[in-house]
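Worksheet for the structure shown next.
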There are 2 protein chains.
Amino acid sequence: MAVYTDVSEDQLKSFLTEYDVGTLLSCKGIAEGVENSNFLLKTTTGFYILTLYEKRVAAADLPFFLGLMDHLSQNGLSCPLPIPRLDGESLGELAGRPAAMVSFLDGAWLRKPQAIHCREVGRAMAEMHVAGADFQIRRENALTVGNWRPLWDGSRTRADEVQPGLRAEIDQALSDLELHWPQGLPEGVIHADLFPDNVFFIEDSLSGLIDFYFACNDFLAYDVAICLNAWCFEPDGAFNLTKGMALIDGYQSVRPLSAAEAEALPVLSRGAALRFFLTRLHDWLTTPEGALVVKKDPLEYLRKLRFHRQIGSSVEYGLRRKDMVS
Amino acid sequence: MAVYTDVSEDQLKSFLTEYDVGTLLSCKGIAEGVENSNFLLKTTTGFYILTLYEKRVAAADLPFFLGLMDHLSQNGLSCPLPIPRLDGESLGELAGRPAAMVSFLDGAWLRKPQAIHCREVGRAMAEMHVAGADFQIRRENALTVGNWRPLWDGSRTRADEVQPGLRAEIDQALSDLELHWPQGLPEGVIHADLFPDNVFFIEDSLSGLIDFYFACNDFLAYDVAICLNAWCFEPDGAFNLTKGMALIDGYQSVRPLSAAEAEALPVLSRGAALRFFLTRLHDWLTTPEGALVVKKDPLEYLRKLRFHRQIGSSVEYGLRRKDMVS
């Protein structure tokens with residue numbers, strides 16, 4: 001839940017004079033997202049989401065994020081569309097923070113996604129990869145293999161407080177990934193955080209993707225690996241092969257994976273598990289007890305990492321055997 | 001901010017089959033209110049607020065609260081209208097909690113209300129008092145003079161931790177109020193929590209009142225005293241006489257205060273200050289440090305109580321001198 005910054009009526013009114021959106025009728029803080037402050041605005045012209053970017057999002061990256069949403073929308077992907085200001089810019093300032101308005105997207109995120117939803121997510125992710133192909137701004141992934149060691153160094157000495165033996169296990173897993181991380185796979189713009197709370201559905205149909213604030217340029221198949229981690233494990237830790245198959249099939253119905261990508265899924269999935277493990281561990285160790293944030297358990301991702309270590313081939317994730325032939 | 005209970009898509013879908021509101025298009029947790037879990041729903045028929053009543057609201061009181069909103073709406077007051085279920089009831093159950101849907105009310109609450117807004121609040125409060133006159137269900141005020149001593153007894157021994165000397169000062173103030181609390185003033189249904197976050201405005205016009213979960217039968221003028229506390233002090237603790245005048249004038253434009261009510265405003269205002277002081281002090285001393293709730297400072301209401309102690313006549317709150325003649 002997240003409203004970090006409250007906004008007064010004068011600040012908001014003055015902000016809205018920069019837009020052609022009519023008169024304000026309602027403004028409610030939304031208890032979703034953990035990075036920014038979000039408000040649902042109703043005006044005489046419709047509903048909008050107003051986002052104030054808090055310090056965890058680098059202001060220099062905002063033209064990439066907003067430009068990407070604009071580009072993807074214009075290329076047919078259903079995602080929030082930045083509302084231009086009267087001066088043509090997407091980005092303004094409110095309560096001392098960078099701020100933007102985007103269109104309101106129908107749909108709600110699923111607390112208990114099923115295999116049919118995993119297929120839809122796979123398909124939409126591939127459509128995003130295709131639609132993003134000719135986006136002109138680049139943003140390096142700040143949370144990929146080269147960034148994990150500095151992140152780990154910040155938590156390493158306290159890791160055994162969380163679970164005895166954790167330090168040695170992650171030392172080993174990280175060295176292994178640094179050594180075996182793939183090279184030369186197809187690259188493009190990835191979402192990089194396509195968890196269930198960032199995918200909206202109306203009944204069983206996917207209605208859109210949101211929250212592009214981790215999007216970056218990286219291996220497209222790494223996005224698939226992130227989704228295998230985020231969508232295909234059950235609450236008890238079991239990997240659901242039916243969901244894995246649905247997700248990969250949905251993806252390949254739009255963009256077939258190359259043989260090299262198919263081959264790389266296990267190492268990419270280990271990497272994705274380690275990436276979320278490391279940021280959660282960092283937050284776990286550094287978030288003060290009284291903070292108004294729900295801390296996410298890093299050990300969920302340790303268990304996923306261990307699962308991926310015993311995977312022999314992508315067939316075990318649900319890739320069809322015929323697609324494994326190189 | 002408050003979403004205490006999360007709701008799964010299956011639970012919500014099943015809940016909505018009890019209503020004639022169309023298909024669900026969106027559901028977002030709202031970061032407002034501290035007693036209940038609130039969601040903004042969009043369906044094919046419009047926008048609604050869904051409330052799950054958490055344990056601080058007694059289930060036995062819900063027919064009073066929902067019936068009151070219905071009654072007030074039908075008598076021309078702008079407030080949320082409970083949406084009837086297919087079986088005609090207003091109250092259902094969701095995620096193991098009593099739950100209800102009400103209409104979406106345009107407007108936003110003011111972070112920095114001015115005197116013109118105080119006048120509107122006074123007027124709307126009086127309209128509520130008039131509209132509630134023939135409401136048939138009764139609910140005793142669980143937070144009036146007779147309830148303060150047990151509440152105080154729960155905090156008394158630890159009061160000096162919050163501020164040295166607090167125990168003796170409140171002992172004295174409470175005994176004084178118990179002795180001098182008025183009797184026989186006009187009674188009716190009062191809102192009893194009409195703070196700025198429960199009053200919506202569109203630009204400078206009041207668009208409605210919300211959150212009737214403290215409403216009860218009590219002296220009508222006690223509601224005025226609560227509003228003098230809630231609306232007419234500045235952040236630095238100063239009483240703003242212009243706002244007081246506007247609030248009282250607005251009220252009297254619909255329902256003139258009797259001489260006895262006018263006379264009683266200082267003691268009622270001390271009582272209102274003590275009531276909010278006591279519940280805030282209780283929460284301050286009992287809310288665990290890590291809870292996802294912003295604790296409100298009880299000392300704000302100690303300062304207001306001290307202010308009211310030096311008031312000689314209601315003219316000092318902004319009552320016109322001519323209205324003081326009995």
Side-chain angles (χ1 to χ4, degrees), chain A residues 1-13 16 22-33 37-44 46-47 49 95 104-114 117 196-197 200-205 207-208 210 287-295, chain B residues 1-13 16 22-33 37-44 46-47 49 95 104-114 117 196-197 200-205 207-208 210 287-295:
Chain A
M1 52 178 96
V3 176
Y4 294 97
T5 303
D6 201 22
V7 173
S8 78
E9 49 277 14
D10 289 344
Q11 290 173 317
L12 187 53
K13 207 167 164 180
L16 290 177
T23 303
L24 183 69
L25 294 178
S26 169
C27 171
K28 291 189 192 301
I30 302 176
E32 293 188 3
S37 300
N38 291 300
F39 298 87
L40 176 69
L41 299 191
K42 181 182 180 186
T43 76
T44 42
F47 284 80
I49 302 289
F104 179 88
L105 197 64
D106 280 346
W109 68 270
L110 300 177
R111 275 62 175 173
K112 296 181 182 172
Q114 305 302 317
H117 310 119
D197 56 343
F200 283 0
F201 285 83
I202 297 174
E203 306 214 302
D204 288 332
S205 300
S207 61
I210 66 163
T287 305
E289 273 309 314
L292 295 173
V293 166
V294 178
K295 296 208 261 185
Chain B
M1 51 179 96
V3 175
Y4 294 97
T5 303
D6 201 21
V7 173
S8 77
E9 48 277 14
D10 289 344
Q11 290 172 317
L12 186 54
K13 208 169 163 179
L16 290 177
T23 303
L24 183 69
L25 294 178
S26 169
C27 171
K28 291 189 194 300
I30 302 176
E32 293 187 3
S37 301
N38 291 300
F39 297 87
L40 176 69
L41 299 192
K42 181 181 180 188
T43 76
T44 42
F47 283 81
I49 302 290
F104 179 90
L105 197 65
D106 280 346
W109 68 269
L110 299 176
R111 274 65 176 172
K112 296 180 182 173
Q114 306 301 317
H117 309 118
D197 55 345
F200 283 1
F201 285 82
I202 297 174
E203 305 213 302
D204 288 334
S205 299
S207 61
I210 65 163
T287 305
E289 274 307 319
L292 296 173
V293 167
V294 178
K295 295 206 261 186

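Convention: sequence-line order gives letters A, B, ...; per-chain numbering from 1.
- Within the 4.5 Å cutoff, side-chain heavy atoms of K28(A) are placed close to those of F104(B).
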request  = Given salt bridge (charged side-chain N to carboxylate O under 4.0 Å, His left out), test D10(B) with K112(A) step by step and report yes or no.
outcome  = CA-CA 8 Å; D10(B) 289 344; K112(A) 296 181 182 172; 5.7 Å; no
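- In terms of heavy-atom pairs under 4.5 Å with chain B, the best-connected choice from F200(A), F201(A), F47(A) is F47(A).
- Interface remark: S207(A) contributes no atoms to any contact with chain B (heavy atom separation under 4.5 Å).
- In terms of heavy atoms, A108(B) sits closest to C27(A) at CB-N, 3.9 Å.
- Of the residues L40(A), D106(A), I202(A), the one that meets the side-chain contact (heavy atoms from CB on, under 4.5 Å) test with K42(B) is D106(A).
- Only the side chain of I49(B) comes within contact range of chain A, judged by heavy atoms closer than 4.5 Å.
- You'll find the side chain of K13(B) reaches within 4.5 Å of the side chain of E203(A), heavy atoms only.
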